[in-house]
2 protein chains.
Amino acid sequence: MKSTFEELSNELKKKKIRLSHQRLKVLEYLTLHLCHPTVEQIYVDLQKEVPTLSKTTIYNTLSSLIESGLVRVITIEDHETRYDIRTENHGHFKCESCGEIYDFNVDIDSLQSVDLNNFKINDKNVYFKGICPRCLLSINKIK
Amino acid sequence: MKSTFEELSNELKKKKIRLSHQRLKVLEYLTLHLCHPTVEQIYVDLQKEVPTLSKTTIYNTLSSLIESGLVRVITIEDHETRYDIRTENHGHFKCESCGEIYDFNVDIDSLQSVDLNNFKINDKNVYFKGICPRCLLSINKIK
DNA sequence: TTTTTACTTTGTAATCGTTACAGATTAATT
DNA sequence: AATTAATCTGTAACGATTACAAAGTAAAAA
């Protein structure tokens with residue numbers, strides 16, 4: 001995982017994305033917050049450091065980062081698009097009680113289907129829903 | 001797959017969902033159109049048969065059907081929620097060229113992760129993205 | 001069958017996330 | 001330092017979904 005400003009800059013240069021303060025800040029934010037933030041969360045937090053930052057810029061930035069493959073979209077619920085800088089294959093678990101999204105390791109590459117023999121597969125996604133251990137505990141306490 | 005009006009009625013009764021003309025029509029539509037329609041598609045098509053049908057009703061109906069487990073939500077892209085009456089486990093493939101969504105058989109149940117040992121899993125989803133055979137063909141013809 | 005009751009439907013208005021757009025700004029090049 | 005082309009900003013527009021209240025209807029009770 002790249003984390004210093006300089007390393008992030010190099011990542012962008014490699015992908016031929018023009019460097020800008022805002023882009024670097026968004027990228028940095030994503031490396032520091034692996035909790036799959038929404039645009040709203042990124043916006044609220046980054047505004048403290050970059051008061052002039054606009055939401056449109058975050059959308060634009062995320063678009064280029066996604067297009068270049070540096071960032072990944074997580075769509076589990078409609079109207080709650082989330083972003084993840086961890087592009088290696090892993091699954092996502094969304095707790096239906098607290099809403100938190102957990103990463104988990106799972107062998108996605110081994111998922112195959114004869115039905116897709118003639119398809120070109122670019123992207124594989126796996127997500128589960130249920131209740132996380134913390135919420136299970138508090139539910140049991142109430143009972 | 002249930003398909004006659006009577007069978008669909010029984011499904012609803014079993015789930016203690018009150019029967020209404022609109023609900024049966026939406027249910028019937030879903031059994032006849034396994035192409036993962038959006039609310040918009042359901043609305044436009046069903047209005048031909050039920051001119052007074054309102055979009056809000058479709059949203060309401062789908063909510064109860066989902067809650068009762070008769071219908072499943074497919075969220076692959078944000079702002080494009082789709083619905084599927086096939087609730088048995090299967091994967092979805094979305095073609096990034098034509099937008100079509102294909103079903104495929106895949107052993108979702110075997111997907112396991114030690115990271116989720118203490119989690120209660122209610123729902124497992126798998127979706128791939130890429131290019132479907134038809135689009136691959138036409139792309140090659142152009143080249 | 002009629003009456004009652006609670007649920008459902010409808011249409012409009014409100015909401016919220018996202019995108020479009022145009023003028024101001026800025027990174028990179030000359 | 002000047003130029004150029006891409007980026008940023010703020011506002012307005014858009015589209016999907018939800019909220020709400022009045023009208024209508026299915027099912028249960030009389």
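We name chains A, B, ... by the order of the sequence lines, and we start the count at 1 in each one.
Evaluation of atom-type donor-acceptor distances gives no pair under 3.5 Å for the side chain of B:Arg18 against the base of D:dA27.
With respect to B:Lys124 and B:Asp109, no salt bridge is recorded, no charged nitrogen being found less than 4.0 Å from a carboxylate O. Using a 4.0 Å cut-off between charged side-chain N and carboxylate O, B:Lys55 and B:Glu40 make a salt bridge. Salt bridge status for B:Arg23 with B:Glu11: absent, with no side-chain N to carboxylate O gap under 4.0 Å.
The separation between B:Tyr43 atom OH and D:dG15 atom C1' is 14 Å, rounded to whole Å. Atom pair A:Gln41:CD and C:dG17:P shows a separation of 11 Å (rounding to whole Å applied). In this structure, the CZ atom of B:Arg23 is 10 Å from the C1' atom of C:dT9, given to the nearest Å. A straight line from CG of A:Leu27 to P of D:dT7 spans 14 Å, rounded to a whole angstrom. Taking atom CD of residue A:Glu80 and atom P of nucleotide C:dT15, one finds them 21 Å apart after rounding to whole Å. Taking atom NE2 of residue B:His21 and atom P of nucleotide D:dA26, one finds them 10 Å apart after rounding to whole Å. Rounded to whole Å, the distance from CG on B:Asp78 to C1' on D:dA16 is 10 Å. B:Glu77 has its CD atom 14 Å from the P atom of D:dT17, to the nearest Å.
Considering every non-hydrogen atom in both B:His90 and B:Val106, the closest pair reads C-CG1, 4.4 Å. Summarising the geometry of A:His21 relative to A:Val50, their closest heavy-atom pair is NE2-CG2, 4.2 Å, with the distance given to 0.1 Å. A:Lys25 and A:Glu49 get closest at one heavy-atom pair: NZ-OE1, 2.5 Å.
A side chain to side chain contact (heavy atoms under 4.5 Å, CB included) with A:Ile66 is found for exactly one of A:Thr87, A:Thr61, A:Val71, namely A:Val71.
In terms of phosphate contacts, A:Gln22 brings no side-chain nitrogen or oxygen within less than 4.0 Å of OP1 or OP2 of C:dT26.
DNA chain C lies under 4.0 Å from at least one heavy atom of each of the following residues of residues 46-66 of chain B: B:Thr52, B:Leu53, B:Ser54, B:Thr56, B:Thr57, B:Asn60.
Of the candidates C:dT18, C:dA27, C:dT8, C:dT18 carries the atom nearest the A:Thr81 side chain, counting heavy atoms from C-beta on.
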